[in-house]
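Along the sequence shown, residues carry numbers from 1.
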Amino acid sequence: QAQLVESGGGLVQTGGSLRLSCAASGGIFSTYTMGWFRQAPGKEREFVARMSRIGGITYADSVKGRFAISRDNAKNTVYLQMNTLKPEDTAVYYCAAGRWGDWDANKLDAWGRGTLVTVSS
């Protein structure tokens, strides 16, 4: 089973950018769909983006045009480039691994511990 470790979170001003990374180990990274979720204070965890092993991508409507997911199978790493950040993007961001056709937060194979992103107004 894959183990996931996120990095790259921090404090940024409105309109700024951050790039999150998620390093995977212990599994066959290239066979997984990799993705990101986030959980804001007092809110439920929500889907942000996912990328299949062959490059299929979907985004939440709230981040389309601002966030970009990518992966480097040689480095077992998935990235989330976040641009034009808004205060409502403030959340703990979690990396996850699973199957494209069964992409449900309750059915994913592995989760990271999360990295905090804070966007100041």
Side-chain angles (χ1 to χ4, degrees):
Q1 185 173 0
Q3 288 83 48
L4 308 175
V5 178
E6 303 95 337
S7 62
L11 174 65
V12 64
Q13 291 184 336
T14 297
S17 298
L18 281 176
R19 188 174 82 152
L20 305 183
S21 300
C22 171
S25 62
I28 305 174
F29 176 83
S30 61
T31 68
Y32 283 106
T33 287
M34 300 298 299
W36 294 90
F37 289 76
R38 66 186 182 185
Q39 187 166 17
K43 296 187 177 180
E44 293 186 354
R45 190 173 297 189
E46 64 175 4
F47 166 74
V48 175
R50 64 172 176 165
M51 186 172 187
S52 76
R53 60 186 177 87
I54 57 173
I57 293 175
T58 58
Y59 294 101
D61 288 344
S62 59
V63 306
K64 280 181 182 177
R66 300 188 299 121
F67 290 12
I69 188 171
S70 61
R71 62 192 290 167
D72 186 335
N73 288 342
K75 295 182 178 180
N76 288 353
T77 301
V78 61
Y79 304 97
L80 186 68
Q81 177 67 43
M82 305 185 295
N83 300 322
T84 320
L85 283 160
K86 306 174 182 180
E88 51 263 44
D89 295 317
T90 294
V92 176
Y93 283 72
Y94 297 91
C95 178
R99 308 299 169 184
W100 181 270
D102 205 13
W103 192 257
D104 181 300
N106 295 318
K107 298 179 181 179
L108 297 177
D109 293 305
W111 290 89
R113 292 192 172 185
T115 184
L116 177 63
V117 172
T118 304
V119 184
S120 64
S121 58

[X]: salt bridge (charged side-chain N to carboxylate O under 4.0 Å, His left out) partners, not counting sequence neighbours:
{"X": "Arg45", "answer": "none"}
{"X": "Asp72", "answer": "none"}
{"X": "Glu88", "answer": "none"}
{"X": "Asp61", "answer": "Lys64"}

Share the residues that join [X] in a hydrophobic cluster, the rule being Ile, Leu, Val, Met, Phe, Trp or Tyr side chains under 4.5 Å apart at the heavy-atom level.
{"X": "Ile54", "value": "none"}
{"X": "Tyr94", "value": "Phe37, Phe47, Val92, Trp103, Leu108, Trp111, Leu116"}
{"X": "Tyr79", "value": "none"}
{"X": "Trp100", "value": "none"}

Could you pull out every donor-acceptor pair under 3.5 Å between side chains of residues 5-25 and any protein atom, sequence neighbours left out?
residue	atom	partner	partner atom	Å
Glu6	OE1	Arg113	N	3.1
Glu6	OE1	Gly114	N	2.9
Glu6	OE2	Cys95	N	2.8
Glu6	OE2	Gly114	N	3.1
Thr14	OG1	Ser120	O	2.7
Ser17	OG	Asn83	OD1	2.9

Going by the side-chain hydrogen bond (donor to acceptor under 3.5 Å, both in side chains) test, which pairs reach into residues 49-59, not counting sequence neighbours?
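Qualifying pairs: Arg50-Thr58.
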Atom pair CZ (Arg38) and CD (Glu46), whose distance is rounded to the nearest 0.5 Å
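CD of Glu46 is found 4.5 Å from CZ of Arg38.
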Could you give all pairs that pass the disulfide (SG to SG under 2.5 Å) test and reach residues 62-91, with sequence neighbours left out?
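Listed once each, the pairs would be none.
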Donor-acceptor pair, Thr115 side chain versus Tyr93 backbone, under 3.5 Å?
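Checked: no pair found.
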Sequence-distant partners of Asn106, side chain to side chain contact (heavy atoms under 4.5 Å, CB included), two or more places apart
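By the side chain to side chain contact (heavy atoms under 4.5 Å, CB included) rule, Asn106 matches Asp104.
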Is there a side chain to side chain contact (heavy atoms under 4.5 Å, CB included) between Ile69 and Ile57 once you walk through the steps?
CA-CA 8 Å; Ile69 188 171; Ile57 293 175; 3.7 Å; yes
